[in-house]
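To keep things clear, I will list the structure first and then write my remarks on it.
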Amino acid sequence: MKRHLIELPISTRDGQFIARYSEKGLAELDFPNANCRRRGNESQIAANRDSSRRLLQIQKWHRLTTDALENILAGKEPKKLPPLDWTGKTDFQKSVWRQMLKIPAGKTKSYGEIAQAVGKPKAVRAVGGACGANPVPVLVPCHRVLAANKKLGGFSGGLDWKRKLLALEGIKLLL
DNA sequence: GACAGATGAAGGA
DNA sequence: TCCTTCATCTGTC
């Protein structure tokens with residue numbers, strides 16, 4: 001069953017992000033120039049087909065998303081996040097993302113530390129997989145998760161973005 | 001059930 | 001140090 005997602009752009013000085021909302025909250029966030037990595041036929045700008053009540057709700061979430069994104073891109077902690085829709089994701093992935101949400105701006109954790117925090121200290125590779133499956137990068141700060149010894153590791157939006165986001169928060173990397 | 005993966009640790013040069 | 005190898009765990013097909 002395909003979810004009906006409302007797609008809205010967020011213009012920032014770093015480019016135009018694309019946010020997609022379900023009836024439960026923010027479901028996906030794409031980086032600028034992400035080349036529509038998710039097919040696109042399941043999400044569409046179809047605001048006129050939705051009830052005005054739902055539209056108002058989504059506009060409210062969109063303001064929260066925009067504020068949070070702008071704060072993060074300014075190297076600050078977002079004041080408030082919109083509700084996140086993790087429907088269809090596994091418990092393990094949701095646990096990992098919840099742990100990432102606890103990492104404050106300017107701080108980092110390693111994949112191993114996240115694995116420990118979710119009670120599976122040996123599942124470090126699985127944590128990497130969950131990071132890659134994160135549909136809401138930046139807001140769920142997977143860029144604050146580094147490999148051991150402060151090495152960069154990887155990033156679904158591209159390592160340039162990861163470096164940039166970490167630099168904004170004043171985090172120094174090895175290499 | 002096999003395979004891949006955004007890791008981490010250990011061992012050798 | 002740097003490189004290689006392997007153990008480990010989870011998600012996906």
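Since this is a predicted model, take the numbers as computed values, not measurements. Any value given below was found using the heavy atoms of this structure, including those in side chains, with hydrogens, waters and symmetry copies removed. Chain identifiers are assigned alphabetically (A, B, ...) following the order of the sequence lines, protein sequences preceding nucleic acid strands; residue numbering begins at 1 within each chain.
Distance check: A:I103 CD1 to A:I114 CD1 gives 4.0 Å after rounding to the nearest 0.5 Å.
Within 6.0 Å of the NZ atom in A:K122, the count of heavy atoms belonging to other residues, nucleotides or ligands does not exceed 12.
Annotation: cation-pi geometry satisfied between A:K164 and A:W161 (NZ/CZ under 6.0 angstrom from ring centroid, within 45° of ring axis).
Atoms NZ (A:K89) and P (C:dT10) sit 18 Å apart, rounded to a whole Å. Between A:W97 atom CH2 and C:dT10 atom P the separation is 15 Å, expressed in whole Å.
Residues of residues 112-127 of chain A that place a heavy atom closer than 4.0 Å to DNA chain B, in numerical order, are A:G112, A:V124, A:R125, A:A126.
A nucleotide of DNA chain B counts as in contact with chain A when one of its atoms lies under 4.0 Å from a heavy atom; the first and last such, 5' to 3', are B:dG5 to B:dG8.
A ring pair (Phe, Tyr, Trp, His ring centres under 6.0 Å) check over residues 103-157 of chain A, counting only residues at least two apart or in different chains, returns the pairs A:F31-A:F155. A side-chain hydrogen bond (donor to acceptor under 3.5 Å, both in side chains) check over residues 57-74 of chain A, counting only residues at least two apart or in different chains, returns the pairs A:Y21-A:H62, A:Y21-A:T65.
Taking every heavy atom of both residues into account, A:L26 and A:A19 meet most closely at CD1-CB, 3.9 Å. Scanning all heavy atoms of the two residues, the minimum distance from A:A133 to A:K89 falls at O-NZ, 4.4 Å.
Criterion: ILVMFWY side-chain heavy atoms under 4.5 Å apart, direct or through other members. Under it, A:I171 and A:L101 are part of a common hydrophobic cluster.
The side chain to side chain contact (heavy atoms under 4.5 Å, CB included) test applied to A:K102 returns A:Q99, not counting sequence neighbours.
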Take A:D14 and A:T12, measure what side-chain hydrogen bond (donor to acceptor under 3.5 Å, both in side chains) needs, and give me the verdict at the end. CA-CA 5 Å; A:D14 294 296; A:T12 72; 4.6 Å; no
Using Watson-Crick or G-U wobble pairs with both distances under 3.5 Å, give me DNA chain C in dot-bracket, 5' to 3', with [ ] for crossers and | for pairs to another strand. |||||||.|||||
